[in-house]
Number of protein chains: 2
Amino acid sequence: MSAIETLIDALQVLPGVGPKTAQRMALHLLLRERDAGVALSDALRTAMEDVAFCRLCRNLTEHEICSVCRDTRRDQKLLCVVESPSDVIAIEQAGGYQGYYFVLNGRLSPLDGVGPEALGMDQLVDRVNQLNPEELILATNPTVEGEATAHYVSQLVAGRIARISRIAHGVPLGGEIEYTDGGTLAHAFQGRRDIG
Amino acid sequence: MSAIETLIDALQVLPGVGPKTAQRMALHLLLRERDAGVALSDALRTAMEDVAFCRLCRNLTEHEICSVCRDTRRDQKLLCVVESPSDVIAIEQAGGYQGYYFVLNGRLSPLDGVGPEALGMDQLVDRVNQLNPEELILATNPTVEGEATAHYVSQLVAGRIARISRIAHGVPLGGEIEYTDGGTLAHAFQGRRDIG
């Protein structure tokens, strides 16, 4: 197999990239972006070899302890449980939340053989004992598995934390009630808050 | 910048990949495809460092002369001129054509400063003299620049080759006449052939 064919094959490991797209990517790099291609190769190698899970929160990091857990200026009273590192990125980009995180790197899914031990529940208990937060915020996804996972975590830490909360589910900003699905609308009504 | 941020940035050099897609790709590799990520890094480095243009046909190859030009079993009577290495891949995958290629790696585009010298026209003349084909097939794209390039090449080699041809343009297989654009239909009528 030629170097180009090997590259086209290797690119197809990327999600959403099939043979045609991989070919376009390979030729784009070869014809126009050699230096950036080498930089991408270096970035891939470094990330694949150096990045592991933070010892405290199980987020991805190339350090033993990630930058969030190392940041002592954050709000030690808050701990937020999420399913994936991409959730941490989204919440950080949204701004506003200043507490710490715990990343499950999955959700409970007995059919796929994903039980509590695969989600680092022991580490979560350790983290709770160590950080001693006043509130645990459950920010797993509003899916069947996500809800089950949130329920499991809330049972696990019950009694250890004063307040256990679940993020609100309702009509998204910019969304229209007319086009919002029934489940979301039901949540929006159940979660209604007094104003004024 | 962390290793993950560097990777997300580097992935955006790929065509059609923005920040969100790059993040999804990076996390996919880190969480599920470490080995494939390392393989992709290696494939990228090898291709970026080793692949250059074939000395004879200007196709991309990691050898001095590409596998097509090295293949002495091909039809020496035919030489096909294309704009891009991806055109060679498409024609090879279609099967049927057994001759040699010449890859311009571009098309005449005076407004972008792309003149004949950038398209290796000297090399094309050398190749024609060396191979001495009976027919030169112009398979540049049916765009204004592609047609101008085909015209230029036909003038350049006029007198040196017995037959100079242009691939047919018309209604694609599986296409419907009803939905075919006017320019294509005009070509289809001009290029009509006697049957039976």
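Naming: A, B, ... by sequence-line order, numbering from 1 per chain.
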Are side-chain heavy atoms of [X] and [Y] found at a separation under 4.5 Å?
X        : Y        : answer
Leu14(A) : His28(B) : no
Ser86(B) : Arg24(A) : no
Leu40(A) : Met48(B) : no

Arg70(A), CZ: over 12 other non-hydrogen atoms inside 6.0 angstrom: yes
Crowding at CG, Asn129(B) (>12 non-hydrogen neighbours, <6.0 Å): yes
Region of Asn105(A) in contact with chain B, defined by heavy-atom distances below 4.5 Å: side chain
Part of Thr61(A) within contact of chain B (heavy atom distance under 4.5 Å): backbone
Option passing side-chain contact (heavy atoms from CB on, under 4.5 Å) with Val51(B) (candidates Ile4(A), Leu31(A), Leu29(A)): Ile4(A)
Positive for side-chain contact (heavy atoms from CB on, under 4.5 Å) with Arg45(B), one of Val38(A), Leu44(A), Leu7(A): Val38(A)
Toward chain A, the part of Asp9(B) with a non-hydrogen atom under 4.5 Å: neither
With clusters defined by side-chain heavy atoms of hydrophobic residues (ILVMFWY) lying less than 4.5 Å apart, directly or transitively, does [Y] cluster with [X]?
X         : Y         : result
Leu56(A)  : Leu124(A) : no
Tyr101(B) : Ile161(B) : yes
Ile89(B)  : Val82(B)  : no
Leu60(A)  : Leu104(A) : no
Leu108(B) : Val125(B) : yes

Nearest-0.5 Å distance, CD of residue Glu5(B) to CD of residue Glu62(A): 8.5 Å
Top contributor to chain B interface from Pro15(A), Ala47(A), Ser2(A) [non-hydrogen pairs under 4.5 Å]: Pro15(A)
Minimum heavy-atom distance between Ala10(A) and Ala39(B), given as atom pair plus value: CB-O, 4.5 Å
Contact winner vs chain A - Thr6(B), Thr46(B), Leu30(B), heavy-atom pairs under 4.5 Å: Leu30(B)
Top contributor to chain A interface from Leu27(B), Val17(B), Ile8(B) [non-hydrogen pairs under 4.5 Å]: Leu27(B)
